[in-house]
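Below: the structure, in structure tokens.
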Amino acid sequence: MSIMLLILLQLVLVSCAPPRCHPGFPGLCKPTVEEKPKCTDVLLSYCDDMPYTQTMFPNILGHKTREDAEAGTEYLLLSVAESLLGGACSPEIRMLGCSVLAPRCEKEKVLKPCRTACEAVQKKCSHAFEAIEMAWPYFLDCDRFFVGEQEGCFDPLEGLSAQDVDAFSSMEALPAEDPVSTIQFPYHSNAQMISTLKKTEEQCSDIARTYSIGRSMEGKELLVIEFSNNPGQHELLEPEVKYVGNMHGNEVVGRQLLIYLAQYLCSEYQLGNERIQTLINTTRIHILPSMNPDGYEVAVSGVQDNSYGDDEESQGHRYDTWNVGRNNAQNIDLNRNFPDLTSVVYNRRRQKGYRTDHIPIPDSYWFGKVAPETYAVMKWIRSIPFVLSANFHGGDLVVAYPYDLSKHPLGHNMLSLTPDHQVFKFLARTYADTHETMSNENARCGSSHTHSEKGTINGAQWSSFAGSMQDFSYLHTNCFEVTVELGCEKFPPQEELLNSWYENHEALITFMEAAHRGIKGIVKDEEGNGIKGARISVRGIRHDITTAENGDYWRLLTPGTHIVTASALGYTRAVKKVFLPPRMHTAGRVDFVLQKAAVEPDMQEESDAILSLGSYDHFDPYNQYGHYILTADVSQNREERAEKPWWWSYFVQPGGPAPTWLLKHH
């Protein structure tokens, strides 16, 4: 009993005890003492070459920890400043920024950087920011974050001698005997890719121009660089050629080759290479290095997270990551997302007057998932009279030509040829034969070797699928397109990129020159006016091409004798016999003059048959794509985003505040 009372008494005493931190009981409370910030090692990787080794947090910008500083847009800007500014003002900008993000610390005291150093760098480098339409970064405000020498400041550039700065500034001014030596062969991030294209445009402004055809699902710009002696407009009788890379985000060699190609064309033209000058002066070349920049970023992350070796377990990892980043941000395979016009051809091939050209997009297509990247490319190839194209993939070593969809009723792989089979075989051979190893039987890799013929293959015979870009280009436009598989390694080690360039660069040039094979000309009326939309027909080939805005046309043909007809509604037909010798490397000039006349019955019947398929000119007639995008939960307003500079999307972090301080006109 006494024991129970003792326990009860203890419980009462405890419950009645004053709180330990009650102000009425001095000495019981122990106030929390905050430790004073101390000097700590500089651990920011982009600031590890500063002329000091100690810093302190919070820093001048208020970042409380190293992790906070690394997560900020300011540090991201420093990490990409060199590529973003095209190598200008490096490393001055980075070192200046590091003096604010990781300020110098001595004897447990932060020293601020000197204002004079900031002002000198701003005077030298502000034009580089203006060139890319970026505001001078707020954290490099010389009056706000930098102080005078009388306040005990330090020079953040003291480790960078004037001699080093002058040497760096003059490096790019030196003429290079070999332009390839000026091209670096690393992988380019999306920001670096766009910076390189912009720098190339600036370097060769008389023959180069960059322009955007749209944006990816995540808002990244689909940037094209164009080469022409008159960039920005179509020239009469000058064929238009395009190259498209990185359609599958994890197939990256083509993306890199096209970046290198842009630099190569610029350098060689300026160095007086007659072949390149002739090509650019007579051809309008369009290069889209990355059609799927979102998928590329996913692929890069997958490769970095899964660096595989030769052991069995690692090979399993490699298999798992084989398709990481292949699709776009909506998980859409872009090379299965174009309208399936090949099925339309197969379904109508027994009907009288069926055709395989300028087939309208079925209305039903717009009610499915249409990726913004696909939409952008379709509008692009409808707006320019492209003659020739190649899109670049990885996973095999072969050139595939249309059709991609098999004509087999059950969809089994089967040789499925276009009316222009001979032209496509010639185009495929042109690339494969000029490639260093592609036509070599011993160099085969991948699944194509069963049916490939010296590095070329019919797409449907290899792997049948619907909705490919090359089938769409051939059946909807005048453009003849092939698919180039650049090797079985989709994402090879960086050190292999230089070798890929040497294997492909001659083939890349020779293929573009093939746009000048066949015939070209102008279709005019009796008054000398060009006739837009006139049809150029070749006897024995059930595939016509049409004239461009000013009546000019290009018809790719193999050597031999051809009967060519020009026709247009409201005009009589004109027929010419053409002979193309085997060694002819420039297009033969074949003009037509059509006389006005009543519409012939067979032409009217033919026109009605075309119109019965729907209107070719009606692109997304119900604005279904617009409705689809509105419901797709796009993170930012598309109109607002379209007004932002090309680099904007790289600095916008999900869930974080928009870094509007980067905008020059905000």
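In this chain, numbering begins with 1 at the start of the sequence shown.
- For the residue pair Tyr375 and Trp380, no side-chain donor N or O sits within less than 3.5 Å of a side-chain acceptor on the partner.
- Shown here is Gln494, whose CD atom has more than 12 heavy atoms of other residues, nucleotides or ligands within 6.0 Å.
- Between Phe185 and Trp501, the angle of the ring planes lies from 30° to 60°, which puts this pair in the tilted group.
- Remark: aromatic rings of His286 and Tyr243 are distant, center separation not under 6.0 Å.
- Between Gly272 and Gln277, the shortest heavy-atom contact is CA-NE2, 3.4 Å.
- Taking all atoms of both residues into account, the shortest heavy-atom contact from Cys39 to Lys107 is SG-N, 4.3 Å.
- A distance-only check finds no donor-acceptor pair linking the side chain of Thr510 to the backbone of Ala507 [under 3.5 Å].
- Side-chain atoms of Thr283 never come within 3.5 Å of backbone atoms of Ile285 as a donor-acceptor pair (strictly under, hydrogens ignored).
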Trace of the salt bridge (Lys or Arg N to Asp or Glu O under 4.0 Å) decision for Glu158 with Arg104 = CA-CA 12 Å; Glu158 67 181 271; Arg104 188 170 193 155; 3.0 Å; yes
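- Residues Thr437 and His435 are in side-chain contact: their nearest non-hydrogen atoms beyond the backbone lie under 4.5 Å apart.
- Side-chain contact between Val484 and Met438: present, with at least one pair of heavy atoms (C-beta onward) separated by less than 4.5 Å.
- One finds the SG atom of Cys266 at 5.5 Å from the CD1 atom of Ile207 (value rounded to the nearest 0.5 Å).
- A side-chain donor from one of Asp333 and His248 sits under 3.5 Å from a side-chain acceptor of the other.
- Side-chain contact check for Leu397 versus Glu485: every heavy-atom pair is 4.5 Å or farther apart.
- Remark: Ser500 OG to Leu498 CG distance equals 8.5 Å, nearest 0.5 Å.
- Judged by distance alone, the side chains of Glu251 and His393 do bring a donor and an acceptor atom under 3.5 Å apart.
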inquiry  = Between Arg255 and Asn190, is the side chain to side chain contact (heavy atoms under 4.5 Å, CB included) condition met? List the steps.
reply    = CA-CA 10 Å; Arg255 167 192 172 106; Asn190 287 322; 2.9 Å; yes
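- Between Ala371 and Ile332, the shortest heavy-atom contact is CB-CD1, 4.1 Å.
- By the side chain to side chain contact (heavy atoms under 4.5 Å, CB included) test, Thr65 pairs with Glu67, Asp68, sequence neighbours left out.
- With rounding to the nearest 0.5 Å, the separation of CG in Leu85 from CZ in Arg94 is 13.0 Å.
- Considering only heavy atoms from C-beta on, Phe227 comes within 4.5 Å of Thr200 through its side chain.
- Using a 3.5 Å distance cut-off with no hydrogens or angles, the side chains of Thr196 and Gln192 do not pair a donor with an acceptor.
- Applying the side chain to side chain contact (heavy atoms under 4.5 Å, CB included) test between Leu223 and each of Ile287, Thr210, Ile213 identifies Thr210 as the sole match.
- Residues Ala81 and Ile93 approach most closely at CB-CG2, 4.3 Å, considering heavy atoms.
- Looking at Phe146 and Val100, their side chains come closer than 4.5 Å, going by heavy atoms from C-beta outward.
- Identified under the salt bridge (Lys or Arg N to Asp or Glu O under 4.0 Å) test for residues 224-233, with sequence neighbours left out: Arg209-Glu226, Glu226-Arg284.
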task = Assess whether salt bridge (Lys or Arg N to Asp or Glu O under 4.0 Å) is satisfied between Lys124 and Glu92, documenting all intermediate values.
result = CA-CA 10 Å; Lys124 176 184 176 183; Glu92 296 104 307; 2.6 Å; yes
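- A donor-acceptor pair is defined here as one N or O able to donate and one able to accept, closer than 3.5 Å; such a pair exists between the side chain of Gln270 and the backbone of Gln203.
- Between Tyr75 and Ser45, the side chains place a donor N or O and an acceptor N or O closer than 3.5 Å (distance only, hydrogens not considered).
- For Asn250 (side chain) and Gly295 (main-chain N/O), no donor-acceptor pair under 3.5 Å exists by modelled atom type.
- For the pair Asn504 and Leu257, the minimum side-chain heavy-atom distance is below 4.5 Å.
- Legend: salt bridge (Lys or Arg N to Asp or Glu O under 4.0 Å) pairs involving residues 494-503, not counting sequence neighbours: none detected.
- A salt bridge does not link Lys112 to Glu106: none of the charged side-chain nitrogens sits closer than 4.0 Å to a carboxylate oxygen.
- Contact annotation: the side chain of Asn273 never approaches that of Leu271 to less than 4.5 Å [non-hydrogen atoms, C-beta and beyond].
- At distances below 3.5 Å, at least one donor-acceptor pair connects side-chain atoms of Gln256 with backbone N or O atoms of Pro186.
- Between the Thr278 side chain and the Glu274 main chain, a donor and an acceptor come within less than 3.5 Å of each other.
- Residues satisfying the salt bridge (Lys or Arg N to Asp or Glu O under 4.0 Å) criterion with Glu70, sequence neighbours excluded, are Arg66.
- Applying the ring-ring contact (aromatic ring centres under 6.0 Å, His included) definition to pairs two or more places apart or across chains, those involving residues 88-133 are Phe129-Trp136.
- Checking Asn292 against Glu373 by side-chain atom types alone, no donor-acceptor pair falls below 3.5 Å.
- Once rounded to the nearest 0.5 Å, the distance linking CD of Gln330 with CG of Asn327 reads 10.0 Å.
- Proximity of Val42 to Asp48: side-chain heavy atoms (C-beta onward) are nowhere separated by under 4.5 Å.
- Atom CD of Glu297 is separated from atom OG of Ser216 by 8.5 Å, given to the nearest 0.5 angstrom.
- Using a distance-only test at 3.5 Å, with no hydrogens or angles considered, no donor-acceptor pair links the side chain of Ser267 to the main chain of Tyr264.
- Inspection of the Tyr269 and Asn281 side chains reveals an N or O donor paired with an N or O acceptor under 3.5 Å.
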Please list, one pair per line, the donor and acceptor atoms closer than 3.5 Å that link side chains of residues 50-58 to other protein atoms, with sequence neighbours excluded.
residue, atom, partner, partner atom, Å
Tyr52, OH, Ala102, O, 2.6
Gln54, NE2, Asp41, OD1, 2.5
Thr55, OG1, Pro103, O, 2.7

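- In this structure, CD on Glu202 lies 10.5 Å from SG on Cys204, to the nearest 0.5 angstrom.
- A side chain to side chain contact (heavy atoms under 4.5 Å, CB included) with Met291 holds for exactly one of Val377, Asn246, Leu222; it is Val377.
- Side-chain atoms of Glu149 do not come within 3.5 Å of backbone N or O of Cys114 as any donor-acceptor pair.
- Residues Pro289 and Ile259 approach most closely at CB-CG1, 4.0 Å, considering heavy atoms.
- Here the closest heavy-atom approach between residue Ala117 and residue Pro156 is recorded as CB-CD, 3.9 Å.
- The distance between the ring centers of Phe145 and Phe139 does not fall below 6.0 angstrom.
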task = Step by step, work out the side chain to side chain contact (heavy atoms under 4.5 Å, CB included) result for Leu101 and Leu61.
result = CA-CA 7 Å; Leu101 285 172; Leu61 297 182; 3.6 Å; yes
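- There is a side-chain donor-acceptor pair under 3.5 Å between Glu221 and Ser212.
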